[in-house]
Amino acid sequence: MAQIKIQTPDDWHLHFRDGDMLNETVPATARCFNRAIVMPNLVPPITNAKMIEEYRKRILAARPEGSKFEPLMTLYLTNETTREDIILAKEVGTVAAKLYPAGATTNSDAAVKSLEPIFPIFEEMQKQGMLLLIHGEVTDDHVDIFDREKEFIDRHLTRIVTTFPELKIVFEHITTKDAVDFVVSSNDNVAATITPQHLLLNRNDMLVGGIRPHNYCLPVLKRNIHQQALRKVVATGNKKFFLGTDSAPHEKDMKESACGCAGCYSAWSAIELYTHVFDELDALDKLEGFASHYGADFYGLPRNEGTITLVKEDWTIPEQIILPNGNPIVPFFAGQNCTWKLID
């Protein structure tokens, strides 16, 4: 197949950041995605309705002229979040709240330190029809970083799903066979997003031959057996799994420092890389569901109108992109070949 046309897709998990960075990240996403779930882990985090409205305005101001791109906003949960915060956030159009275990990833220090006290918040979310998005890892020092997703499932996620069966939950950026198996076996109110980096890479790609900081993300890349489990499930066309890039930009010097930041900036070539993967899996017929249908259906939103077209054509992802402030950023898969290219 030399060309593929799919219904306009959405990105169900990404980080725009803030300030001048929006002038790079918003257009990069809007070039092919009609909507995106926007993560709230800014500094300070987006913890109330007023902050949500203000951040949304900043994102809209960075859209390319004529773009109809729509940011879908989320609330950052803390142990101080109240039922009223959920109600007010819902009133201004917020579609979901994000659970970060404190210390799990970038700008998560202010996040949830204890799950039990926020169960009443989950109850209110269930009542309001607001989705719960979960970064599913424990953060205990004694738990191996490669086991933290499974430990979260066993210790917390199973209980949350059982206690709140009507609460729609997205297990975000899953990385393990354990997560695949959990989502498949759970009720229809549990789904998951999968990133391009976790489909394309495993931990060898981060560690063999020296540490490769631009492949460092959280949750961290796992064993090949887990990568293969993710690839296998998307190739089946299971509606519980859909596109979420977790595109997370950091300037080059922040990634290449002594304590490099976690995150892969994939928005710049995300849909091309997903198509590349589905082609490798001989599953191009499953791409449209994964990219354009299942996420919208799970969120209870209409599928997009219009289409995008990709052609099978080799091209090289740039080594770096220059941000509006003049500093470079290294995109995910920089300098490597991609076999599909967006043309429309």
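We find the CD1-CD1 distance between I118 and I86 to be 9.0 Å, quoted to the nearest 0.5 Å. Rounding to the nearest 0.5 Å places CD1 of I4 at 9.5 Å from OG1 of T309. Atom CZ of R212 and atom CG of L221 lie 11.0 Å apart (nearest 0.5 Å). In this structure, Y216 OH and Q197 CD are separated by 13.0 Å, a value rounded to the nearest 0.5 Å. The distance from atom OG1 of T195 to atom CG of L200, rounded to the nearest 0.5 Å, is 8.5 Å. Remark: F164 CZ to E123 CD distance equals 6.0 Å, nearest 0.5 Å.
Between the side chain of N304 and the main chain of T8, a donor-acceptor pair closer than 3.5 Å is present. At distances below 3.5 Å, at least one donor-acceptor pair connects side-chain atoms of N215 with backbone N or O atoms of D205. Not one N or O on the side chain of T74 forms a donor-acceptor pair closer than 3.5 Å with the backbone of A96. T163 contributes no side-chain N or O that, together with a main-chain N or O of I160, makes up a donor-acceptor pair within less than 3.5 Å. A donor-acceptor pair under 3.5 Å is absent between the side-chain atoms of R63 and the main chain of A30, judged by distance alone. With hydrogens and angles ignored, the 3.5 Å screen pairs no side-chain donor or acceptor of H214 with any backbone N or O of C264. The main-chain N or O of I271 is found under 3.5 Å from a side-chain atom of T275 such that the two form a donor-acceptor pair. A donor-acceptor distance shorter than 3.5 angstrom exists from the side chain of K255 to the backbone of G263, with no hydrogens or angles considered. Q336 contributes no side-chain N or O that, together with a main-chain N or O of T316, makes up a donor-acceptor pair within less than 3.5 Å. Between the D10 side chain and the W12 main chain, no donor and acceptor come within less than 3.5 Å of each other.
Taking a 6.0 Å sphere around NZ of K113, one finds it holds more than 12 heavy atoms contributed by other residues, nucleotides or ligands. No more than 12 heavy atoms of other residues, nucleotides or ligands shown are found within 6.0 angstrom of CD1 on I211. Counted within 6.0 Å of CD on E54, heavy atoms from surrounding residues, nucleotides or ligands total more than 12; the atom is thus considered enclosed. Atom CD of E84 is surrounded by 12 or fewer heavy atoms from other residues, nucleotides or ligands within 6.0 Å. At most 12 heavy atoms of other shown residues, nucleotides or ligands fall within 6.0 angstrom of atom CG in D282. Heavy-atom contacts from other residues, nucleotides or ligands closer than 6.0 Å to NZ of K168 number more than 12.
Between D140 and R155 there is a salt bridge, since at least one side-chain N of the basic residue sits less than 4.0 Å from a carboxylate O of the acidic one. One finds no salt bridge joining R148 and E137 here, because no Lys/Arg side-chain nitrogen approaches an Asp/Glu carboxylate oxygen to under 4.0 Å. Salt-bridge annotation for K127 and E166: absent, with no side-chain N of the basic residue lying under 4.0 Å from a carboxylate O of the acidic one. Salt-bridge annotation for D297 and K239: absent, with no side-chain N of the basic residue lying under 4.0 Å from a carboxylate O of the acidic one. One finds no salt bridge joining E319 and K252 here, because no Lys/Arg side-chain nitrogen approaches an Asp/Glu carboxylate oxygen to under 4.0 Å.
If you chain together hydrophobic residues whose side chains sit under 4.5 Å apart, M39 and I46 never meet in one group. V95 and F16 are not part of a single hydrophobic cluster, where members link through side-chain heavy atoms under 4.5 Å apart. There is no path of hydrophobic side-chain contacts, each under 4.5 Å, that joins I194 to Y294.
Within the 4.5 Å cutoff, the side chain of F146 has heavy atoms near those of the R203 side chain. The shortest side-chain heavy-atom distance between H135 and T105 falls under the 4.5 Å cut-off. Two residues are said to be in side-chain contact when any heavy atoms from C-beta on lie closer than 4.5 Å; W315 and W340 fail this criterion. Contact annotation: the side chain of N325 approaches that of E251 to within less than 4.5 Å [non-hydrogen atoms, C-beta and beyond]. Within the 4.5 Å cutoff, the side chain of T78 has no heavy atoms near those of the V112 side chain. Side-chain contact between I153 and V161 is absent, with no heavy-atom pair separated by less than 4.5 Å. At least one side-chain heavy atom of I317 sits less than 4.5 Å from a side-chain heavy atom of L273. Taking 4.5 Å as the limit, every side-chain heavy atom of I134 sits out of range of all side-chain heavy atoms of E172.
Shortest non-hydrogen contact noted between P331 and I329 is CD-O, 3.5 Å. Heavy-atom minimum distance, I6 versus A291: CD1-CB, 4.3 Å. Between P27 and L22 the shortest heavy-atom distance is CD-O, 3.4 Å. Counting all heavy atoms, side chain and backbone alike, L167 lies closest to M130 at CD1-O, 3.5 Å. Shown here for P328 and Q320, the closest heavy-atom pair between the two residues is CB-OE1, 3.5 Å. For the residue pair S292 and Q7, the shortest heavy atom distance occurs at OG-O, 2.6 Å.
In this model, a donor atom of one side chain and an acceptor atom of the other lie less than 3.5 Å apart for H276 and T339. Using a 3.5 Å distance cut-off with no hydrogens or angles, the side chains of H198 and Q227 do not pair a donor with an acceptor. Side-chain contact, N41 with H15: a donor N or O sits under 3.5 Å from an acceptor N or O. A donor and an acceptor atom, one from each side chain of E149 and T176, are located under 3.5 Å apart. E24 and Y265 share a side-chain donor-acceptor pair at under 3.5 Å.
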side-chain contact (heavy atoms from CB on, under 4.5 Å) assessment of N187 paired with V190: CA-CA 6 Å; N187 68 51; V190 179; 3.9 Å; yes

Check the pair T94 / L88 against side-chain contact (heavy atoms from CB on, under 4.5 Å), numbers first and verdict last. CA-CA 9 Å; T94 307; L88 293 176; over 6 Å; no

Is there a side-chain contact (heavy atoms from CB on, under 4.5 Å) between L323 and D20 once you walk through the steps? CA-CA 8 Å; L323 293 169; D20 287 345; over 6 Å; no

Check the pair F171 / V180 against side-chain contact (heavy atoms from CB on, under 4.5 Å), numbers first and verdict last. CA-CA 10 Å; F171 194 177; V180 170; over 6 Å; no

Evaluate the salt bridge (charged side-chain N to carboxylate O under 4.0 Å, His left out) criterion for residues K57 and E53: first the C-alpha distance (whole Å), next the side-chain angles of each, then the deciding distance (0.1 Å), finally the verdict. CA-CA 6 Å; K57 289 177 182 177; E53 289 186 295; over 6 Å; no

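If you look at Y100 and Y76, their ring centroids are closer than 6.0 Å. Between F290 and Y274, a ring centre-to-centre spacing shorter than 6.0 Å is recorded. In this structure, H173 has its ring center closer than 6.0 angstrom to the ring center of H13.
Relative to the six-membered ring of F298, K240 misses at least one condition, a distance below 6.0 Å or an angle of at most 45° to the axis.
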